[in-house]
Amino acid sequence: MAPLRFWILDVAGEVEEGGPMVWLWGVSGDGERVIVRSSFKPSFYIAPSEEPDSLASRIADLRLEGVESVSVVEKRLRGQPIKVVEVKCGVEDTKEVAERLRKRLPECGEIYGDDVRYSQKFLCLNKLAPCSWVSVEAIRSGHIGSYPMYTPVGRFEPAELVAPPDLRVLAFDAQYLSERGSPQPERDPVAIISIVSSDGSEGQFVGGESEVLRGFIRVVNSFDPDIVASFGSNKRHMPYLSARARRVLGGPLAIGRLGAEPHTSVYGHVSLQGRVNLDFQDMAEQTVELKLESLEAFTLFLGIKMDFDTVEEFDVAETWKRDRDRVLRYSLQRARAVMEMYRVLSDYVFSLSAITFMPADHVLTASTGFRVESRLMAFASGLGELIPRRREVSRETYPGAVVIEPKPGLHREVAVLDFRSMYPSLMLKHNISFDTVVTQDGDRPPGLDFGFRRAPQGFIPLALRELLDERLRVRAIIQRGSAGPVEMRVYEARERALKVTANATYGYLGWPAARWYSREAAEATTAWGRAVITSAIQKAGELGLTVIYGDTDSIFVNHDEAKISRLVEWVSQELGLEVRLEKVYQRAIFTEAKKRYAGLTTDGRLELVGLEAVRGDWSEIAKEAQAAVIESVLRSGSWSAGLLKAREYIKKIREGHVPLKKLVIWKQITRPLEDYEATQPHIVVAKQLLEEGWRITPGDKVGFVITRGPGRLYEKARPYFKASQDLIDWEYYLEKQVLPSCLRVLEPFGVTEKDLRKSPEGVTLTDFA
DNA sequence: GCAATCCACGTACCG
DNA sequence: ACCGGTACGTGGATTGCG
């Protein structure tokens, strides 16, 4: 019998007559879609407050519902060996069983691992990473629906193949028609569903709504995709389409495998049986470079070349009446864009999934903290380390990083040095972990009254070591250059995912809701970080370098190669850390403020940091003006060019020569509207929109413009799509947008507001000599 | 009684 | 629903002056 080799698409817990079962959905080496079905009885553990054997028999005697067997096993708790009672359950929900036990024996001891999800336990115990190849001796035991079913008889072994199999991908977009405000499934129909599939075919369903929905369901089932990709399925399309199917068809939106309908699962993601539901909106929302998380903006960010004839949401119903083809075209463009996103991003998504042990559809929705935690949980299983229950502990604040006061003005030849992976390196170097904290002796962070034992290696350093070793291995393969182009892409994506995960570990330890929250570990990491950068800065001074700026793990100095290499050498020798020359700015502007500067790189790129020009809550015109001013100054090397540029923009504003779109200010709604204490323009606008039937939920961004009139700003703010050019308060855009953003970067040169207000004509540079 | 000043709130950024 | 450090606009309360 040849072992079955397959790529894990998804994992699900299924309740069957004989007890709980795990179904692994996969694609086999010969392209078959398979179900690998295992019986799996999940356990939880008790660190007993009495003799373990006697507790075990007391628990067994309770004959609790759901308990299959009770035994005493050897595990580890914070690195120390410990005898614990293992309660094996005959049901999926170990939390419920543990709850029953706690009711009967409140004093039995600390309970571990009962709140870990069933399918996650299975993946952890078998070291099964989703989105990777695995092989197992298995018996083919019939079919479920049209899918061959296998029963494993041996252990799962990771298989070497790197690239995913040929997956069938279906990208879709849907458009809804609403007469008033946001579409509501109780009221408004689905107008279009557009699909694009990986075999190159495209299609649209229009016409009667029941035909639209039936057509979509039919195509999904006949094409039988492994991946269903979209932009906005979790929060919008799946719930909407499901609700409409119930209403219009009187039945489920049967687009999962075996006719299942989508169901909402953990982290607010929608799950499709046997398929991976990839929602790139989740990814867009986590992309910090994006200021507005639209499909168009994300497409552009990814470097996908596409022309959109955008029909904005507020305009769909209107356009549908006037120019139906335009809406159709736009919807298809969206579906095509989603398919392109899949091509660009799938390697990274699969890598992240494999590294975090989270199925691909979960991993996009999960926040960073949960991704790190999921990986740590898998790592803990391997060590036999017990997994603590999640519980909210009170937050204890602690000091973070240092930021050096910048030297304002224009600088030439600025070298940017940074510590490589500073926090992970420090955690490894000092054995920082929740399980290595000691109050006596140990390796002590400066200024703190606790330390870390030097040996044995703690849980976090071990986990980091594994991540970093894996990253080094992947890098070596990339540098060898022997892998094929597809494998290369996969390796590169994997390397990025490993780096992201390692770098997030510090933040995780300082997160009070983390299972392995450790204020001590987080606090020590930043304390050592401060010490390290402070001493490097001091050394830089001693070597005769001028320190212009520094933040957390970066130091900006004049580009003196000899001195810099001495500094790099010193850091390596004395601090045992790696500092490298990351980049050089030909010229750079620093303001009085920390975290706000701009530089022109040696290869001619403009970098803007922290300034209005990179903020999402300033109007496009103010950002554009500031960026132009900075660019003039940096490229010419003199501030006077920037002054002239600023005046050009001021003139544009005075003349009202700016399109409305560039005047929109976007601000995020971060909480339910009724929770706001202060009156703010974007909240006032949001409340108006809500009143008019628009759905406004936390996370949404509200776009508004400031119009002429009396009163407070919030009285003059209007939704951007309900304002027109002739209503604009140009004075506001001059005084509170363009003027301040330009002045911000010119002020260090002694330029005043008055200088900016002079008209561009009739003013010569000698006026400022 | 009014303008200047101060401060809390809120958002978004940096690393 | 990852951390702390930081900047800064706005609204509204407080302060300072007469």
Side-chain angles (χ1 to χ4, degrees), chain A residues 266-268 285-286 288-292 365-373 376 390 392 395-406 416 418-423 500-519 521-527 529-530 533 549-556 582 591-597 607-619 622-623 665-671 675-684 686 698-699 701-702 706 711-717 732 735-737 740-741 743-744:
Chain A
V266 284
Y267 312 117
E285 281 169 4
Q286 292 171 27
V288 291
E289 290 88 343
L290 286 190
K291 306 304 164 186
L292 204 61
T365 318
S367 64
T368 313
F370 288 103
R371 291 178 191 168
V372 171
E373 186 156 274
L376 291 177
R390 182 180 303 290
E392 184 72 40
R395 178 181 292 267
E396 294 175 81
T397 58
Y398 61 90
V402 274
V403 188
I404 310 299
E405 206 66 59
V416 183
D418 66 10
F419 284 88
R420 293 186 79 169
S421 313
M422 184 199 249
Y423 287 169
V500 167
T501 309
N503 287 343
T505 305
Y506 150 72
Y508 171 80
L509 288 171
W511 177 37
R515 289 177 191 267
W516 283 291
Y517 170 61
S518 170
R519 195 217 73 230
E523 187 175 13
T525 307
T526 57
R530 289 192 302 275
I533 192 168
Y549 179 62
D551 185 350
T552 313
D553 58 357
S554 65
I555 308 174
F556 295 57
E582 220 233 355
T591 66
E592 300 265 345
K594 296 169 173 178
K595 296 186 185 277
R596 295 178 154 229
Y597 59 90
E607 288 187 349
L608 303 167
V609 181
L611 296 160
E612 283 77 2
V614 296
R615 292 181 63 98
D617 57 350
W618 282 72
S619 63
K623 295 163 62 167
I665 297 164
W666 293 91
K667 271 198 159 75
Q668 195 180 173
I669 304 295
T670 60
R671 57 184 85 167
D675 290 3
Y676 281 93
E677 278 181 38
T679 320
Q680 299 180 84
H682 73 296
I683 302 304
V684 171
K701 279 184 178 163
V702 175
I706 301 300
R712 288 291 193 175
L713 210 56
Y714 61 77
E715 296 170 279
K716 312 200 298 174
Y732 169 80
E735 300 293 334
K736 300 292 181 179
Q737 292 278 325
S741 70
L743 201 55
R744 180 101 51 218

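Lettering of chains follows the sequences in order, A, B, ..., and the numbering in each one begins at 1. As the structure is a computational prediction, the values presented were derived from the model and not from experiment.
- Note on Ala678(A): only backbone sugar-phosphate atoms sit closer than 4.0 angstrom, heavy atoms only; bases stay farther off.
- By the ring pair (Phe, Tyr, Trp, His ring centres under 6.0 Å) test, Trp618(A) pairs with no residue at all, sequence neighbours left out.
- Residues satisfying the side chain to side chain donor-acceptor pair (under 3.5 Å) test with Glu396(A), not counting sequence neighbours, are Arg519(A).
- An OP1 or OP2 oxygen of dG12(C) is reached within less than 4.0 angstrom by a side-chain nitrogen or oxygen of Tyr714(A).
- With P as the reference atom, dG10(B) and dA1(C) are 15 Å apart, rounded to whole Å.
- Every residue was checked against the side chain to side chain donor-acceptor pair (under 3.5 Å) condition with Lys291(A), not counting sequence neighbours, and none meets it.
- Thr505(A) comes within contact range of no nucleotide atom at all, as no heavy-atom separation falls under 4.0 Å.
- Nucleic acid contact for Tyr676(A): sugar-phosphate only, since backbone atoms but no base atoms lie under 4.0 Å from a heavy atom of the residue.
- Note on Val372(A): nothing from the nucleic acid sits closer than 4.0 angstrom, heavy atoms only.
- With a 4.5 Å cut-off on side-chain heavy atoms, Tyr732(A) and Leu713(A) count as touching.
- Across all strands shown, Tyr517(A) has no heavy atoms under 4.0 Å from either base or sugar-phosphate atoms.
- Applying side-chain hydrogen bond (donor to acceptor under 3.5 Å, both in side chains) to Glu612(A) and the options Gln737(A), Arg596(A), Lys623(A) leaves one that passes, Arg596(A).
- A salt bridge is defined here as a Lys NZ or Arg NE, NH1 or NH2 lying under 4.0 Å from an Asp or Glu carboxylate O, and Asp551(A) with Lys595(A) meets this definition.
- Among the heavy atoms of the strands lying under 4.0 Å from Val614(A) are primed sugar atoms or P, OP1, OP2 only; no base atom is included.
- Within the nucleic acid shown, Arg671(A) comes within 4.0 Å of sugar-phosphate atoms alone, with no base atom in reach, counting heavy atoms only.
- With sequence neighbours left out, Phe419(A) forms a ring pair (Phe, Tyr, Trp, His ring centres under 6.0 Å) with no residue at all.
- Here the P atom of nucleotide dC8(C) and the NZ atom of Lys736(A) are 14 Å apart, to the nearest Å.
- Protein chain A contacts DNA chain B over a range whose 5' and 3' limits, counting nucleotides with an atom under 4.0 angstrom from a non-hydrogen atom, are dC9(B) to dG15(B).
- Comparing dC2(C), dG11(C), dG9(C) against the side chain of Trp618(A) picks out dG9(C) as the nearest.
- Tyr732(A) comes within contact range of the sugar-phosphate backbone alone, with a heavy-atom separation under 4.0 Å but no base atom that close.
- Ile665(A) has its CD1 atom 14 Å from the C1' atom of dC8(C), to the nearest Å.
- The closest side-chain heavy-atom distance from Asp617(A) to His682(A) is not below 4.5 Å.
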Short N/O separations, protein against nucleotides 3-7 of chain C, under 3.5 angstrom:
residue	atom	partner	partner atom	Å
dC3(C)	OP1	Arg395(A)	NH1	3.2
dC3(C)	OP1	Arg395(A)	NH2	2.7
dG4(C)	OP2	Arg395(A)	NH1	3.4
dG4(C)	O3'	Tyr398(A)	O	3.4
dG4(C)	O3'	Gly400(A)	N	2.7
dG5(C)	OP1	Gly400(A)	N	3.0
dT6(C)	OP1	Lys594(A)	NZ	3.0

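- In terms of heavy atoms, Pro406(A) sits closest to Lys594(A) at CD-CG, 3.9 Å.
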